[in-house]
Asks: 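Before I ask anything, let me first share the structure, which is written out below as structure tokens.
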Amino acid sequence: MRKQSKWMLRIMAIATTGALLITTPSALANTLDNLKQEQKQLEQKKNSIDSTIKHTEGKIDQNVSKIDQIMAQIKELDTKIINTESQISEVLNQIKLTTTEIEKLQASIKELERKIEERDQLLKERIRAVQVSGGSVSYLDVLLGANSFIDFIDRFSAVNTLMDADRTILEEQANDKKQLEEQQASLNKKLQQQEDSKNELLSLKTSLDGQKASKGNLVDQLEVEQAKLHEEKEVLETEYDEILNLSQETQNKIVSEQKRLAEVARKAAEEKKRKEAAERQRQQAASGGGGGSSIAIPNVSAGAWTKPASGRYTSGYGSRTHPISGGVKTHYGIDIANSTGTPVLSAADGVISYASPLSTYGNVIMVTHSIDGQTFTSLYAHLSSIKVGVGQVVSKGQIIGAIGTTGNSTGPHLHFEIHIGNWEGMAKNSVNPLRYISL
């Protein structure tokens, strides 16, 4: 009971202070157990995220369908707008034609009114002349007053001419008045048509404005849906590419653990010589340690770094076409392909800072190194097996695991990363491993 109480007090002290200087492998193992437990919870969270991604894909399909529907409505409105604009053009042409006809009628009416007014004046003068003579003019008196036959003939001709003139004036006056009435009726009709056309034009323009407003609203909806689709696609790509499904709290714990282990690695680097590390590796390879063939183990290079595995260099650092998603993505490491079980070596002296499954990386080992006062972290992913534990000091060229195809992998290979400083996600502080290792 007393031992258990002490253990509980120790756990409470760890929780209270939030930090513990790790100096022994057993303490490191306890920290690793805690991280593994949290990792299991994160795997459950990953499964939940996978389910959310599938749900989001379904929503994207719905958005695509909705966009298609909106586009169909926009096209339908475009057809209506084109028809309405065509009708407006026809009405404007009709208004223009009617205006021309009205102007001609008004000019003709004005001319008829002028002629009628002139005849009225002429007829009024004839009436005044009759009144002055004391009564109506008797054409018979005019004829009987002839002095001779020739004078009679002349008077008869003059009388006929006067009678024809009077008759012509009266007929023209009657015809012009009739024509005036007809043209005024036609003018009134044209004016009514003009008014009707203007009313129709106003109605069409109102309809057109409504159609354009509706189209504008649909375009707004379209842009919203397209933005939503783009945003959700970005979320999916981020979910797919970002293998960091760890919570920030757990990631901070890993980073903190790596910082503590970096100091351990620095001290280990001071105590060991690189030549001794290479000799131990050759002895281990000769004795068949690590479960791999000595043929599959690359020669350990001189200097601080060495190639982590033998095999075929299949993918470099930087932009590439993703083998699963097909999109152009950034590859934050290099890939070395070989058969499952091929030994994986620590690329430099260091201390194991992570050794467990990690999201789409599959089985992962991280080694924290201290080289010439600079901290580095190397990462080895998709392993078929892990042969080291957190806190273990390793030498350059020492077997730490084996090539596999765990996690998000299309075939057996080693995914190898180098980060300056501690690992805080695949994109942060990553560098091209070829700057440090030779193939």
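Just so you know, residue 1 is the first one in the sequence shown, and it goes up from there. Owing to the predicted nature of the structure, the values given are computational and were not obtained by experimental measurement.
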Asks: Atom CD1 of Ile437 and atom CD1 of Ile336: how far apart are they, to the nearest 0.5 Å?
Replies: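 That separation rounds to 5.5 Å.
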Asks: Rounded to the nearest 0.5 Å, what separates atom NZ in Lys307 from atom CD1 in Ile334?
Replies: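 Nearest 0.5 Å value for the NZ-CD1 distance: 8.5 Å.
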Asks: Could you check Lys96, Lys190, Gln106 and say which one makes a side chain to side chain donor-acceptor pair (under 3.5 Å) with Glu101?
Replies: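 Looking at Lys96, Lys190, Gln106, the match for Glu101 under the side chain to side chain donor-acceptor pair (under 3.5 Å) is Lys190.
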Asks: Go through the structure and list residues passing salt bridge (charged side-chain N to carboxylate O under 4.0 Å, His left out) with Asp78, not counting sequence neighbours.
Replies: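 By the salt bridge (charged side-chain N to carboxylate O under 4.0 Å, His left out) rule, Asp78 matches Lys215.
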Asks: Closest heavy-atom contact between His331 and Ser315?
Replies: ND1-OG, 3.4 Å
Asks: Please find the pair of heavy atoms, one from Ala381 and one from Leu379, that lie closest to each other, and give the distance.
Replies: CB-CD2, 3.9 Å
Asks: When you look at Ile400 and Lys387, which way does the side-chain contact (heavy atoms from CB on, under 4.5 Å) test go after all the steps?
Replies: CA-CA 5 Å; Ile400 57 175; Lys387 301 183 183 299; 5.7 Å; no
Asks: Do side-chain atoms of His419 reach the backbone of Glu417 as a donor and acceptor pair under 3.5 angstrom?
Replies: no
Asks: Does Thr206 reach the main-chain N or O of Leu202 with its side chain, forming a donor-acceptor pair under 3.5 Å?
Replies: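 Yes; judged by distance alone, with no hydrogens or angles, the pair exists.
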Asks: Is it true that Glu111 and Arg114 make a salt bridge, defined as a side-chain N closer than 4.0 Å to a carboxylate O?
Replies: yes
Asks: Show me the side-chain donor-acceptor pairs of residues 180-187 shorter than 3.5 Å, one per line, residues at least two apart or across chains.
Replies:
{"from": "Gln183", "atom 1": "OE1", "to": "Ser108", "atom 2": "OG", "distance (Å)": "2.8"}
{"from": "Gln183", "atom 1": "NE2", "to": "Ser108", "atom 2": "OG", "distance (Å)": "2.9"}

Asks: Any chance you could measure Ser384, atom OG, to Asn363, atom CG, to the nearest 0.5 Å?
Replies: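 These two atoms lie 8.0 Å from each other.
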Asks: Would you find a donor on one side and an acceptor on the other, under 3.5 Å apart, between the side chain of Thr98 and the backbone of Ile95?
Replies: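 Flag not set: sc Thr98 to bb Ile95 has no pair under 3.5 Å.
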Asks: Answer yes or no: is there a donor N or O on one side and an acceptor on the other, between the side chain of Ser214 and the main chain of Gly210, under 3.5 Å?
Replies: yes
Asks: Any chance you could measure Ser356, atom OG, to Ile386, atom CD1, to the nearest 0.5 Å?
Replies: 6.0 Å
Asks: Under the salt bridge (charged side-chain N to carboxylate O under 4.0 Å, His left out) rule, collect the residues that match up with Glu103, sequence neighbours excluded.
Replies: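 Checked Glu103 against salt bridge (charged side-chain N to carboxylate O under 4.0 Å, His left out); zero matches.
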Asks: For a quick test of your reading: what N or O donor-acceptor pairs under 3.5 Å do the side chains of residues 83-92 make, sequence neighbours left out?
Replies:
{"from": "Asn83", "atom 1": "ND2", "to": "Thr79", "atom 2": "O", "distance (Å)": "3.3"}
{"from": "Thr84", "atom 1": "OG1", "to": "Lys80", "atom 2": "O", "distance (Å)": "2.8"}
{"from": "Thr84", "atom 1": "OG1", "to": "Gln211", "atom 2": "OE1", "distance (Å)": "3.1"}
{"from": "Thr84", "atom 1": "OG1", "to": "Gln211", "atom 2": "NE2", "distance (Å)": "3.3"}

Asks: Got a sec, which residues hit ring-ring contact (aromatic ring centres under 6.0 Å, His included) with Phe416, two or more places apart in sequence or on another chain?
Replies: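 So Phe416 forms a ring-ring contact (aromatic ring centres under 6.0 Å, His included) with Tyr380.
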Asks: Could you walk me through whether Gln392 and Gln398 pass the side-chain contact (heavy atoms from CB on, under 4.5 Å) check?
Replies: CA-CA 12 Å; Gln392 181 178 340; Gln398 181 177 335; 3.7 Å; yes
Asks: Side-chain donor-acceptor pair under 3.5 Å between Tyr354 and Thr377, yes or no?
Replies: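 No pair is found: no donor N or O on one side chain lies under 3.5 Å from an acceptor on the other.
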Asks: Over all heavy atoms of both residues, which pair between Leu383 and Thr406 is shortest? Give the atoms and the distance, please.
Replies: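 Minimum heavy-atom separation between Leu383 and Thr406: O-OG1, 3.0 Å.
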Asks: Indicate whether any N or O donor in one side chain lies under 3.5 Å from an N or O acceptor in the other, for Gln192 and Asp196.
Replies: yes
Asks: Distance from Leu358 atom CG to Ile365 atom CD1, nearest 0.5 Å?
Replies: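 Going from CG on Leu358 over to CD1 on Ile365, the span is 12.5 Å.
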Asks: Could you measure the distance from the CG atom of Asn338 to the CG atom of Leu414? Nearest 0.5 Å is fine.
Replies: 10.0 Å
Asks: Evaluate side-chain hydrogen bond (donor to acceptor under 3.5 Å, both in side chains) for Gln121 paired with Glu117, printing each intermediate quantity in order.
Replies: CA-CA 6 Å; Gln121 290 298 327; Glu117 178 63 23; 3.1 Å; yes
Asks: Using the salt bridge (Lys or Arg N to Asp or Glu O under 4.0 Å) rule, collect all pairs that involve residues 427-439, keeping only residues at least two apart or in two chains.
Replies: Glu424-Lys428
Asks: Indicate the ring-plane relationship of Phe376 and Tyr436, choosing parallel, tilted or perpendicular according to the 30° and 60° boundaries.
Replies: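 Perpendicular, since the angle between the ring planes exceeds 60°.
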Asks: Could you walk me through whether Thr314 and Arg312 pass side-chain contact (heavy atoms from CB on, under 4.5 Å), step by step?
Replies: CA-CA 6 Å; Thr314 58; Arg312 183 167 53 90; 3.4 Å; yes
Asks: Have Thr168 and Glu172 got a donor and an acceptor in their side chains that come within less than 3.5 Å?
Replies: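 Result is no, nothing qualifies.
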Asks: Can you find a heavy atom in the side chain of Pro433 that is under 4.5 Å from one in the side chain of Trp305?
Replies: no
Asks: If you compare all heavy atoms of Thr306 against all heavy atoms of Gly397, which two are closest, and at what distance to 0.1 Å?
Replies: CG2-N, 4.0 Å
Asks: If you look at every heavy atom in Ser395 and Ser346, which pair is closest and at what distance?
Replies: O-CB, 3.6 Å
Asks: Count the heavy atoms of every other residue, nucleotide or ligand shown that sit under 6.0 Å from CG of Asn299, and state whether that count exceeds 12.
Replies: no
Asks: Search all heavy atoms of His369 against all heavy atoms of Asp349 and return the closest pair with its distance.
Replies: ND1-O, 2.7 Å
